[in-house]
Amino acid sequence: MSNCCWPPKPYPPERVAIALETGCRLLGENKVQEFRSKAEPLQSFSYERHFIGHLQSNKVNEVLNYVSCIHSVDSLHLAEKLDKRLDTLGRQLDVFVQVNTSYEESKFGIPPHAAEALVRQVATLKNLRIRGLMTIGKLFATGDRARQCFAALRQVRDSIQELGIAGVDLHHLSMGMTPDFEEAIYEGATIVRVGAAIFGVRPTPDGLFFWNEQDREGLQGL
């Protein structure tokens with residue numbers, strides 16, 4: 001299983017460098033500007049960079065300067081924009097399709113029943129390589145309640161894999177963060193996003209994942 005360190009945004013590149021010095025080789029960010037701010041200070045390190053937040057269409061050009069994989073493809077429109085830009089760059093990109101298995105309105109991602117259709121559409125784009133699915137567990141859930149979201153993603157993955165869609169390899173499941181990564185691993189996660197466990201809890205919640213005030217207030221207790 002791969003791991004994914006998710007550096008909390010207030011932490012400087014010097015703190016992230018410590019993780020790289022101790023062997024971390026996969027870092028995720030949820031904002032393009034965080035890649036930009038860390039690119040030069042960390043240029044002496046060899047590591048893989050994944051984008052794991054919601055990607056706005058107007059950030060496509062810049063994010064491709066930094067990453068080898070995007071975990072949050074949740075629409076054909078976004079996929080087509082990525083493919084078009086990659087065509088001009090003469091390169092390909094690994095992507096994950098984001099699925100909202102908790103059905104929470106505060107989260108991005110397509111519902112499970114729409115995953116197959118989007119995977120089929122993205123598979124037709126020559127510059128995108130589908131490598132897996134991504135989800136975010138139900139907010140504040142633990143134990144069996146948390147596992148339900150991850151089990152649902154695994155089931156979606158298994159059902160799509162059985163179809164044998166050309167060019168689709170759903171080996172990876174990107175799911176689980178610091179509060180629930182153990183449940184995610186139990187359900188088959190290959191990439192977990194555990195930045196808070198390594199770098200510390202964020203002083204403020206991340207509005208790219210949780211965007212209403214009730215979620216913001218509740219996240220303070222995690």
Side-chain angles (χ1 to χ4, degrees), residues 4 6 28-35 48-138 149-175 188-191 193 206-212:
C4 182
W6 180 6
E29 295 281 5
N30 66 357
K31 291 188 177 180
V32 178
Q33 56 265 38
E34 292 305 311
F35 284 119
E48 190 173 354
R49 292 172 290 195
H50 288 194
F51 186 80
I52 58 181
H54 179 66
L55 181 58
Q56 297 173 316
S57 296
N58 62 354
K59 298 292 185 180
V60 163
N61 289 356
E62 185 175 9
V63 76
L64 291 177
N65 292 329
Y66 304 109
V67 304
S68 60
C69 182
I70 292 175
H71 289 221
S72 49
V73 172
D74 59 0
S75 71
L76 180 60
H77 173 70
L78 174 60
E80 288 176 335
K81 288 210 68 169
L82 287 166
D83 183 67
K84 183 177 180 180
R85 179 57 179 166
L86 289 163
D87 209 41
T88 65
L89 297 174
R91 56 173 285 212
Q92 293 184 315
L93 180 76
D94 291 343
V95 297
F96 288 57
V97 169
Q98 183 175 356
V99 183
N100 184 351
T101 57
S102 69
Y103 295 93
E104 292 171 292
E105 294 183 359
S106 59
K107 292 190 176 73
F108 294 99
I110 57 171
H113 71 265
E116 178 191 335
L118 183 56
V119 167
R120 286 187 181 277
Q121 292 169 327
V122 175
T124 67
L125 304 176
K126 66 177 182 178
N127 298 307
L128 299 183
R129 300 177 299 218
I130 302 177
R131 293 295 185 244
L133 303 177
M134 185 270 263
T135 197
I136 301 170
K138 188 174 181 63
C149 296
F150 306 135
L153 190 70
R154 174 176 49 77
Q155 291 161 7
V156 170
R157 187 274 307 274
D158 292 348
S159 66
I160 296 176
Q161 282 282 67
E162 291 177 358
L163 301 174
I165 303 171
V168 174
D169 176 9
L170 298 181
H171 171 74
H172 287 292
L173 293 177
S174 172
M175 57 188 191
T190 61
I191 296 179
R193 306 181 298 271
D206 190 338
L208 290 183
F209 285 141
F210 310 112
W211 56 355
N212 63 53

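Here the structure is a predicted model, which is why all the values come from computation and not from measurement.
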- Query: Considering residues at least two apart in sequence or located in another chain, which fulfil the salt bridge (Lys or Arg N to Asp or Glu O under 4.0 Å) criterion with Arg85?
  - Reply: none

- Item | Closest approach of Leu118 to Val73 (non-hydrogen atoms, all atoms of both residues) | CD2-O, 4.2 Å

- Close side-chain approach of Phe51 and Phe35, heavy atoms under 4.5 Å: yes

- Message: Between Gln98 and Phe108 (side chain of the first, backbone of the second, donor and acceptor by atom type, cut-off under 3.5 Å), is there such a pair?
- Response: yes

- Query: Side-chain contact, heavy-atom cut-off 4.5 Å: Leu64 with Leu82?
  - Reply: yes

- Closest approach of Ile110 to Asp74 (non-hydrogen atoms, all atoms of both residues): CG2-O, 3.2 Å

- Task: Find the distance between CG (Leu128) and CG (Asp83) and round it off to the nearest 0.5 Å.
- Result: 5.0 Å

- Query: About how many Å separate NE2 of His172 and CZ of Arg131, when rounded to the nearest 0.5 Å?
  - Reply: 8.5 Å

- In short, Ser68 meets Arg91 closest at the heavy-atom pair CA-NH2, 4.4 Å

- Under the side chain to side chain contact (heavy atoms under 4.5 Å, CB included) rule, what do Leu86 and Leu125 come out as? Steps first, then yes or no, please. CA-CA 10 Å; Leu86 289 163; Leu125 304 176; over 6 Å; no

- What distance separates Leu76 CG from Thr124 OG1, expressed to the nearest 0.5 Å? 7.0 Å

- Query: Below 4.5 Å, heavy atoms only, C-beta onward: do His50 and Met134 meet side chain to side chain?
  - Reply: no

- Item | Note, Glu104 side chain near Ile136 side chain (heavy atom, < 4.5 Å) | no

- Message: Give me the atom names and distance for the closest heavy-atom approach of Cys149 to Thr101.
- Response: O-OG1, 3.1 Å

- Message: Please report the interatomic distance OG1(Thr88) to CG(Asn61), rounded to the nearest 0.5 Å.
- Response: 7.5 Å

- Note on the structure: CD (Gln92) and CG (Asp87) are apart, to the nearest 0.5 Å, by 10.0 Å

- Item | Contacts of type side-chain hydrogen bond (donor to acceptor under 3.5 Å, both in side chains), residue Glu116, not counting sequence neighbours | Arg120

- What one should report as the nearest heavy-atom pair of Arg157 and His171 is NH1-O, 3.4 Å

- Start with the C-alpha distance between Val168 and Val122, add both sets of side-chain angles, then the distance that settles side chain to side chain contact (heavy atoms under 4.5 Å, CB included), and finish with yes or no. CA-CA 9 Å; Val168 174; Val122 175; over 6 Å; no

- Query: Counting only N and O atoms by type, is there a donor-acceptor contact under 3.5 Å from the side chain of Ser102 to the main-chain atoms of Gly137?
  - Reply: no

- Task: Report the distance from atom NZ of Lys138 to atom NZ of Lys107, rounding to the nearest 0.5 Å.
- Result: 7.0 Å

- Message: For a quick check under 3.5 Å, do Ser72 and His54 share a side-chain donor-acceptor pair by atom type?
- Response: no

- Message: With ring-ring contact (aromatic ring centres under 6.0 Å, His included) as the rule and sequence neighbours excluded, what pairs involving residues 79-105 come up?
- Response: His71-Phe96

